[in-house]
Amino acid sequence: MSERIRVASYNIHKAVGLDQRRDPMRILEVVNGMDADVVALQEVDRRMGPRPSVLDRKVIETETDFQVAGLARNDVSLGWHGNAVLVRKGLTILDVDHITLPGLEPRGAVQVNVAKGGAEASVVGVHLGLLRPYRRQQLRTILDHLGADGKANSLILGDFNEWSERRGLEELADGFDIVSPGKSFHAARLLAGLARIALGRAMTLYDAGGPETPLSRVASDHLPVWGD
């Protein structure tokens, strides 16, 4: 059964905007404005100690149309390694998983399997490393985790940290179509499309873009992207 789903990715820079103010509510306003079904967030938790979230879980669950996927491993984080996933209420979260990634710095990807109508999709949220050799290793680890049978119905999205439009994502060539909806960094002067969406071969892309609004241009140093 075919079902349309809108996914989005947003590196929220710990909710600190270009004006150097930490304002979680304007981040949620940008998220709400994309009208997405599933939103992969990066840099949602602080890096130190127990990694408390910069977004209030109760506000999300009571004041938005989203539920928080159960990825956190403590009571103060919203996600894992800074990656969190919001799922629109009415969609079913089937299960979640964590993917430890190799590299010089601690990195991890998160997997949330969702159902909408009669269709299921596996959404993997990523914030890949700063160095290309490690990014390639991280992508191979994600593919190994998904397995041959799991790739077709999967979407890998997030901050890939890859500045090149031609190199660095070769690991995904067998089994995925890679979409760069537009330049997402830096919000003050757009130079690179770091945010990408990789679609498994069972997925069809209808449309994609990024909300470049006065609010999104100041809420974080990254712009969000979305894809249908």
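Both backbone and side-chain heavy atoms feed into the values below; hydrogens, waters and symmetry mates do not.
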Could you tell me whether [X] atom [atom1] has more than 12 heavy atoms of other residues or ligands within 6.0 Å of it?
X	atom1	result
Glu61	CD	yes
Asn74	CG	yes
Asp207	CG	yes
Lys58	NZ	no
Asp75	CG	no

Note, [X] side chain near [Y] side chain (heavy atom, < 4.5 Å):
X	Y	value
Arg22	Lys14	yes
Val218	Arg26	yes
Leu86	Val68	yes
Leu55	Ile12	yes
Val114	Ile5	yes
Phe185	Leu191	no
Asp177	Leu205	no
Asp97	Trp80	no

Taking all non-hydrogen atoms of both residues into account, name the closest pair between [X] and [Y] and its distance.
X	Y	result
Ile197	Gly227	CD1-N, 3.7 Å
Ala121	Met203	CB-CE, 3.6 Å
His13	Ser220	CB-OG, 3.4 Å

Side chain of [X], backbone of [Y]: donor and acceptor closer than 3.5 Å?
X	Y	value
Gln138	Arg136	no
Asn32	Thr64	no
Gln42	Ala40	yes
Asp228	Arg4	no
Thr141	Leu101	no
Thr92	Leu94	no
Arg217	Glu212	no
Asp45	Gly79	yes
Lys183	Arg189	no
His81	Asn83	no

hydrophobic_cluster_shared for [Y] and [X], side chain cutoff 4.5 Å:
X	Y	value
Leu130	Phe160	no
Leu157	Val112	yes
Leu71	Val44	no

**Q.** Member of Arg196, Arg135, Arg167 meeting the salt bridge (Lys or Arg N to Asp or Glu O under 4.0 Å) criterion with Glu162
**A.** Arg135
Q.
Assess whether a salt bridge exists between Asp37 and Arg6, defined as any Lys/Arg side-chain N lying under 4.0 Å from an Asp/Glu carboxylate O.
A. no
**Q.** Inter-residue atom distance Leu169.CG - Leu128.CG, 0.5 Å rounding
**A.**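 With rounding to 0.5 Å, CG (Leu169) is 8.0 Å from CG (Leu128).
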**Q.** Steps toward side-chain contact (heavy atoms from CB on, under 4.5 Å) verdict (Asn153, Ser122)
**A.** CA-CA 6 Å; Asn153 248 30; Ser122 179; 5.7 Å; no
Q.
Walk me through whether Trp163 and Leu194 qualify under side-chain contact (heavy atoms from CB on, under 4.5 Å).
A. CA-CA 6 Å; Trp163 287 67; Leu194 302 186; 3.7 Å; yes
